[in-house]
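Contents: one structure, followed by commentary.
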Amino acid sequence: MDFLNELNLQQLQAVEANAGPVLVLAGPGSGKTRVLTSRIAHLVGVKGVRPSQILAVTFTNKAAREMDKRVEKMLGVQAGGITLGTFHAICARILRREAKHLPFNSNFVIFDSDDQINLSKRVIRELNIDEKRYTPQSVHTSISNAKNELITAQEYPVQGYRDEVVRRVYERYQEYLLASNGVDFDDLLLWTALLLEQNSGIRETYARRYEQLLVDEFQDTNFAQYVLLKHLASIHRSIFVVGDVDQSIYSWRGADYRNVLRFEKDYPDAQVVLLEQNYRSTQSILDLAMAVIDHNPYRKARRLFTDRGVGAKVTLQEVYDDREEASFVVDTISSLVARNEVQPGDFAVMYRTNAQSRLLEEAFLSKNLPYKLVGAQRFYGRREIKDIIAYLRLVFNPNDDFSLLRVINTPTRGIGTKTIQVLQTYSQQVRLSLGDLLLDLGRGNKSTHQKSFSKRAASATSVFGAHLNNWRECINACSPLQLMDRILDDVAYSQYILDGTDEGQDRWENIKELRRLAAEYDQKGLSNFLEDIALVSDQDTLDASANAPTLLTLHAAKGLEFPIVFIVGLNDGLLPHVRSFEDPEAMQEERRLFYVGITRAKDSLFLVDSINRSAFGYSEPTVQSRFLDDIPPDMLKEKHEGSGVRRSGYRSNIRSDQWGRHESVVVRNFKQSQPQFQPGSRVNHAVWGEGMVLNSRNQDEDEIVDIFFQDIGLKRVVASLAKLEVITDD
DNA sequence: ATGGACAATGTTTTT
DNA sequence: CATTGTCCAT
């Protein structure tokens, strides 16, 4: 097989490893995708494994498609039949097939992150829980974490009052999901793992079927995924995992790099292969990457080397403010492109938070230069898109109360909050889902329930119900696109959206884009359309064909590479993000994130920090990222703005606030008295309850206190305004 | 029932 | 500042 000739010794060792557990520790750019694809090709082409016996898990759908293409190329024939996809997509497939063993049916809908928060909010309100104290966001995070640990609502450990609240919300949340015939992201993993755990027949079926398991980005698997794999591998034990603990950046999503250690413990006979040679970057870039990551404690030092040569030094550019940061990026790109040595598509600009993309986009737009923005949220999160998807989801699954409530009065059709309340109460009385009730009301005078409603409500709901009936009939006869067009037409959506403003025009363009997407599902049908939409990853939206710079978050950059990379916003508070300041584990993850960004670059790397940064409309001074301290100065080509250069040593006494700005330091400090509140003491706040003082300082005749509240998080209050009560001193 | 005006409030990362 | 929610007048 030709493809084996292109591998180095370690890669070959991994590819040809005998059946059984294999752990491949692959540094960035070490060819792990090549190893994975070659392994599959080798299994099929040499070992005679049938494609249908192979299960390969990737991190994004895009990676799955790429892998599929590459395997096909290597084998020279169609490799169809391999089960290939993300954990979530694979689980969704299994759950639909095995729905008869589960408390929902096979046309369940998948609740995305927006839906998850909305549902949490709804439950919190219903249970009369203080929404300020227990925000839907934070409660849902707890639920999500529990699910990732395979803890059900009934098993949720209650140690304090907050746990009690979470447990109650969790329980109700699950009831709602099941009543709506829905599952959320985490449920996809949870249900599948529990199914395999509790049903030995099904476990054996799948474990027998998949003789070979391959897993990419193993360091970012969570506990549920680990258990899932363990069950799938329970018969053949041929599990081939590839990962790099230095690139673990998703712990906030439950990912646990300790799964790598767990793997070594659970499979003591595993072959371990180390891939260290880097084929991507120049040595200058690798040296910088190592300088950064070596500051993380408790890691096995690994050296990265390349035969690509030293290459150009990494540039550190300091600019005046974030506007200038954006124009520096755009100007540098256009002048490099003008020299004709590189193309626009060779560039990537990476940042820590999505909000940072805005100034960059503006800078590109003002110069009339095209760019690509990675981020599914940006498209699927739009109101008009969510509306149409909610319509489709409702037609597909009338029990989806959630989508129903979203669209029942959008565009407005005289079904206001009052009518909706009446509908809800009534539907509970007759034990029908809202959807079923509306379907009935839509049957006009043949309706059983219509007489129970006021004339006004009856007429408005019967019109909507009639539409719903029609669409339901369409479901098997029409393609997703035809159904969508019918809905758009029936509810006069274009009139609703096109209000004469530019924004309306934009929104309609988005709808047209969604039509284009729907058109690709003529064959695959509505079910697949809705599922793919729910499970798109940010990277999936990347359009490889356009030759333009790519704008993306550092997280989204994982697994990608670009000839020339800019990492912007190298300021404390942004990278590392302020939320990691108090937590050493989180801080280490920030560093890994920076490391991931650096190692995406093939030829050149630009790091940019700015002296001022704006938030809330004001531009304020910043502090340089502490990670830059870890880089030996001779590794960098430093450039500064002509004026306003930060004095060295200046920043060590300054703390930066959450937005990467530092607090203005006022020189008349000595005149002020001691702060009244000491770090470490506990205080009581009228609204937020008990908290601990983290920091306090006097400013302008008053005292500013940072307090950490268990349920709310970090808050900054002005002592004279907030009525604070000291509970304990230190 | 609806839409506009104003106030409050919040900014990590995403399958 | 930008989004979201709430209140109020129509």
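Naming: A, B, ... by sequence-line order, numbering from 1 per chain. For clarity, every value in this text was computed on a predicted model and none was experimentally measured. FYI, side chains are in, hydrogens and waters are out, and symmetry mates aren't considered; it's all heavy atoms of this structure.
For the pair A/Arg579 CZ and B/dT11 P, the interatomic distance rounds to 8 Å; values are reported in whole Å. Remark: P of B/dT11 and CG of A/Leu359 are 19 Å apart, rounded to the nearest angstrom. Rounded to a whole Å, the CG atom of A/Leu575 is 11 Å from the C1' atom of B/dT13. Atom-to-atom, CZ of A/Phe218 to P of B/dT15 comes out at 20 Å; the value is rounded to the nearest Å. The NE2-P distance, from A/His140 to B/dT14, rounds to 16 Å in whole Å. The CD1 atom of A/Ile110 sits 15 Å away from the C1' atom of B/dT14 (whole-angstrom rounding). When the C1' atom of B/dT15 is taken as reference, atom CG of A/Asn222 falls 10 Å away, rounded to whole Å. Taking atom NE2 of A/His577 as the reference point, atom P of B/dT11 lies 11 Å away to the nearest angstrom.
Between the A/Ser427 side chain and the A/Gln424 main chain, a donor and an acceptor come within less than 3.5 Å of each other. In this structure, A/Gln219 contributes its side chain and A/Asp244 its backbone to a donor-acceptor pair below 3.5 Å. A side-chain donor-acceptor contact under 3.5 Å links A/Ser327 to the backbone of A/Glu324. Distance alone, capped at 3.5 Å, places no donor-acceptor pair between the A/Asp220 side chain and the A/Asp256 backbone.
Across residues 585-596 of chain A, not one residue has a non-hydrogen atom less than 4.0 Å from an atom of DNA chain B.
At a threshold of 4.0 angstrom between heavy atoms, the contacts of A/Thr60 with the nucleic acid are absent.
For the pair A/Arg626 and A/Phe581, the cation-pi test (distance below 6.0 Å, angle within 45°) is passed. Judged by a 6.0 Å distance limit and a 45° cone about the ring axis, A/Arg507 is not positioned over the six-membered ring of A/Tyr496. In this structure, A/Lys386 fails the cation-pi test against A/Tyr380, since its NZ or CZ atom is not both closer than 6.0 Å to the six-membered ring centre and inside 45 degrees of the ring normal.
Put simply, CG on A/Asp609 and CZ on A/Phe627 are 14.0 Å apart, with the number rounded to the nearest 0.5 Å. The CZ atom of A/Phe402 sits 10.5 Å away from the CD atom of A/Gln116 when rounded to the nearest 0.5 Å.
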Along nucleotides 3-10 of chain C, 5' to 3', which nucleotides get a B, which get an S, and which get a -, given that the test is a protein heavy-atom distance under 4.0 Å?
--S-----
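In this structure, A/Thr412 and A/Asn409 have side chains that are in contact, with non-hydrogen atoms separated by less than 4.5 Å.
For B/dT14, one of the phosphate oxygens OP1 or OP2 lies less than 4.0 angstrom from a side-chain nitrogen or oxygen of A/Asn354. Not one side-chain nitrogen or oxygen of A/Ser113 sits closer than 4.0 Å to the OP1 or OP2 atom of B/dT15. Remark: A/Asn148 is not in phosphate contact with B/dT15, judged by side-chain N or O atoms under 4.0 Å from OP1 or OP2.
Distances from the side chain of A/Thr412 to the nucleotides B/dT14, B/dA1, B/dT2 place B/dT2 closest. Closest to the A/Lys418 side chain, of the nucleotides B/dT15, B/dA1, B/dT2, is B/dA1. Side chain of A/His555, nearest nucleotide from B/dT11, B/dT14, B/dT2: B/dT14. Of all nucleotides listed (B/dT15, B/dT13, B/dA1), B/dT15 comes nearest to the side chain of A/Phe185. Residue A/Asn409 has its side chain nearest to B/dT2 when only B/dT14, B/dT2, B/dA1 are considered. Listed nucleotides B/dA1, B/dT15, B/dT2 differ in distance to A/Thr86; the shortest reach to its side chain belongs to B/dT15. Residue A/Thr417 has its side chain nearest to B/dA1 when only B/dT15, B/dA1, B/dT14 are considered.
Comparing the P positions of B/dT13 and C/dT4 gives an interatomic distance of 15 Å, to the nearest angstrom. Spacing between C/dT6 and B/dT11 at atom C1', rounded to whole Å, works out to 22 Å.
Taking the ring centroids of A/Tyr250 and A/His555, they lie under the 6.0 Å cut-off.
Residue whose closest nucleotide on DNA chain B sits further toward the 5' end, between A/Ala556 and A/Gly416: A/Gly416. Positionally, the nearest nucleotide of DNA chain B for A/Gly414 lies more toward the 5' end than for the other of A/Gly414 and A/Phe87.
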